[in-house]
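A short worksheet on the structure shown next.
Owing to the predicted nature of the structure, the values given are computational and were not obtained by experimental measurement. In what follows, chains are A, B, ... by sequence order, proteins preceding strands, each numbered from 1.
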Amino acid sequence: MIQSTSQQHLLENLTCAQHTAVTHRDGPLLVLAGPGSGKTRVITHRVAYLMATGVQGEHILALTFTNKAAAEMRSRVIGLVGAAKTTICTFHSLCARLLREFAEELSLTPNFSIFDRADSLAALREATQQSGLDPKNWPPAATCEKISRAKSKLLRPAEYQERANDFYTKQVAKIYRRYQQVLESNSALDFDDLLLRMVDALRENESIRRQLAGRYRYILIDEYQDTNQAQYVIGRVLCRDHQNICATGDPDQSIYGWRGADISNILDFERDFPQTKIVRLEQNYRSTKHILAAADRLIKANKLRRDKKLWTENPEGEKIEVVCCADGRAEAGYVAERIAEYVQGGSYNDVAIFYRVNSLSRPLEQALRSAGVPYQMVRGVAFYARKEIKDVLAYLRAIVNPNDELSLLRIINVPARKIGAKTVQALREHSRRSGATIRETLATPGIIAGLGRAAGPLKQFAVLLDELVNGPQRPVQKVLERVIRRTNLEAEYSTDRHKDGTAMDNINELISSAAQYDKDNPEGNLEDYLQQTSLVCDVDSFDPSQGAVAMMTLHAAKGLEFPVVFMVGLEDGLLPHSRAAENRSELEEERRLCFVGMTRAQRRLVMSYARYRQVRGSTNRTVASGFLAELPAESVRHCQCEVSAGTESLAKLVKTPDALLQRSSREGSNRRAGRSGFVAGLIEGSSVYHPRYGLGKIEQIGRFGKFTRAVIDFEETGPQTMMLEYADLHKPTSEM
DNA sequence: GCTATCTAATTTTTT
DNA sequence: ATTAGATAGC
């Protein structure tokens, strides 16, 4: 076969197996790719190769699970072929986009809102009450999970109800039905609906299916082991005509079973798609021999799996370190110390810390902060979950989607404009009786006038909304600024004794992200912007170029790699998590999670556990994770973390202060509200030690809003005013 | 209607 | 330990 130079260039430096996967042209292809085996490279080169051999870019669809992965893939494809019209995105954003495109044929309103988890919970609370049940006995969070699982298995309320045998499930079915009505009346879809409605569209509307099958002639799906039933059907139906589906994944890295991911999708791929070409990528280019051998041994303990051999030609490297620490604080201090020592002012990018549950990040944050180690927490959703951000976005949603009552009711009294619960209740009652939306009721002077002293504020609110709706709708940045100014949110958040002023910082951050959006999407509009913000996830916010240590959950770590990895909290009940230890398949998923974490490491891997761990305030004795015992002894070095680092070692330097201050948390950007009131029994005259300013005496101490404000006279620098948070203070140990 | 204080419930992972 | 929701007092 004659190949052009550009094609040859694409195939350079590929191993035999990679070459096969890249050059496979038509028909189903399954790439079983072990960790660090060059999977992303295969996908991107395959896309480029398809294009080099005559496939139009716009006929290629590559689906990922996170926007981050999509962005990464897109930039790598662009690096190979230059600008491409290829669709590379997540399942959810593809569906959101297509549902808007075909809204009319699907009798959907194109400006539908996308409810995130918090919105869904609110809607569920509503649905539970409407079903005559008390949310106390039917917690929305639990119901939400049930419904989500049902949806990911394509079970509608009717089918779910049919299958409900016990009382509890029957009630959930009732709530489920109601919940769908609530979504419907808000013109809203939740995350699962995006997939579900797409499945419906593809199954029931042959013309849409045809169009899309013609548009997307080559389909690539990454992390196939994490697809759920709905995603499986979407992939399968889209390629029915041409069978050009390329799935990549690794059954050993399936960690989303709890979210409805069905591992049998990848295991049964050959059966679903006859004449599948299977390519196995087992050579690892990422990790040292010790790391890979240990991870491989661990995963071999899983019974429900097909064995494969992972191997590498990389050097042997250092042994894995398994560290036993006294408690969580000592563990965090140890990690911080080791990082500082490893990096030595060099590149913090190289280091990552993983944990099973988010709550473990707290002591780590404190330790890193006081050790002066820059860090970055991968928690994108947390930003969009903040009150002030949700408030501003709710205004946008109310503008775009007049049926979105959830958003409307959220902001009807934000900032406070004297429209209280009673008035809202009355308003809803009127709407319910007349069948009109709240928005319409708001525009009916006759009704408003009958609502007593709230009439004025309601009228003003209606006028405000109209103004916003009729104002310019782009660029998004301008719309945001207008909303913030006109609604007085700006005044509310900046001048007000609003916490510590972070609220306005966050809003400003939102505005600059909107500006970025406008830049990236010259054709963008509000709907699209809202869609993007609702579909961001944790990893999306991770920026490896920041020069900071990355901290994230094990789930968020998938797909990433770092030269140095710390895994903390290797304890029974935490890394196999207690909620997952009940049955074999859940335990095996925990083991896969551990496997995923370990295989992120390139050169160094440190796994630690603490003998005592604080859970919800109280300290408990722990047992080391059973997974540690499954690692091969010859690749592991056990060590003991002798003294708790940080606080206690500091204490030894000091004569006898009454309290130790951590480096002030107000300095960093990662602020967290502390506890109110006076702390640690500090009074005027108390002596304190601060890691930066040294010894000092409290001259004045008092309350400042939620915080304690102290003027401290330091021996070195003289008097300083400091805001103290509970989290910043420690009692020195007694034996000094 | 708003605010400050008390209480109960919570924590597995997330598109 | 932290936080959301409930309650009481302004």
Whether [X] contacts [N] is assessed here as follows: a side-chain N or O lying under 4.0 Å from the phosphate OP1 or OP2. Is that the case?
X: A:Asn228; N: B:dT15; result: no
X: A:His577; N: B:dT12; result: yes
X: A:Ser359; N: C:dA1; result: no
X: A:Asn358; N: B:dT13; result: yes

Between [atom2] on [N] and [atom1] on [X], what's the gap in Å once rounded to a whole number?
X: A:Arg259; N: B:dT12; atom1: CZ; atom2: P; result: 17 Å
X: A:Ile419; N: B:dC2; atom1: CD1; atom2: C1'; result: 14 Å
X: A:Asn620; N: C:dA1; atom1: CG; atom2: P; result: 13 Å
X: A:Trp258; N: B:dT15; atom1: CH2; atom2: P; result: 8 Å
X: A:Leu593; N: B:dT13; atom1: CG; atom2: P; result: 11 Å
X: A:Asp119; N: B:dT15; atom1: CG; atom2: P; result: 15 Å
X: A:Phe65; N: B:dT15; atom1: CZ; atom2: P; result: 11 Å
X: A:Ile412; N: B:dG1; atom1: CD1; atom2: P; result: 11 Å

Trace of the salt bridge (Lys or Arg N to Asp or Glu O under 4.0 Å) decision for A:Lys390 with A:Asp119: CA-CA 10 Å; A:Lys390 288 220 81 168; A:Asp119 302 323; 2.8 Å; yes
A:Glu331/A:Arg613 salt bridge by N-O under 4.0 Å criterion: yes
A:Arg356 (side chain) and B:dT13 (base): donor-acceptor pair under 3.5 Å: yes
Residues A:Gln460 and A:Lys418: side-chain donor-acceptor under 3.5 angstrom: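 No - no donor-acceptor pair under 3.5 Å links their side chains.
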Check: A:Thr227/A:Asn265 side-chain N/O donor and acceptor closer than 3.5 Å: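 A donor-acceptor contact under 3.5 Å links the two side chains.
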All salt bridge (charged side-chain N to carboxylate O under 4.0 Å, His left out) counterparts of A:Arg592, not counting sequence neighbours: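 A:Arg592: salt bridge (charged side-chain N to carboxylate O under 4.0 Å, His left out) contacts with A:Glu589.
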Contact list for residues 135-155 of chain A, test ring-ring contact (aromatic ring centres under 6.0 Å, His included), sequence neighbours left out: A:Trp138-A:Tyr168
Sugar-phosphate only, base, or nothing, as touched by A:Asp192 at under 4.0 Å among non-hydrogen atoms: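 Nothing, no nucleic acid heavy atom in range.
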Sugar-phosphate only, base, or nothing, as touched by A:Thr423 at under 4.0 Å among non-hydrogen atoms: sugar-phosphate
Let's see if you can work this out: which of [options] has an atom nearest to the side-chain heavy atoms of [X]?
X: A:His92; options: B:dA9, B:dT15, B:dT11; result: B:dT15
X: A:His555; options: B:dT13, B:dT15, C:dG5; result: B:dT13
X: A:Ala556; options: B:dT14, C:dG5, B:dT12; result: B:dT14

5' precedence on DNA chain B between A:Arg117 and A:Lys418 (nearest-nucleotide basis):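 Nearest nucleotide further toward 5': that of A:Lys418.
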Nearest-nucleotide comparison on DNA chain B, the residue closer to the 5′ end among A:Ala141 and A:Tyr256: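 Residue closer to the 5' terminus by nearest nucleotide: A:Ala141.
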Pairwise P distance for C:dA4 and B:dT13, with rounding to whole Å: 15 Å
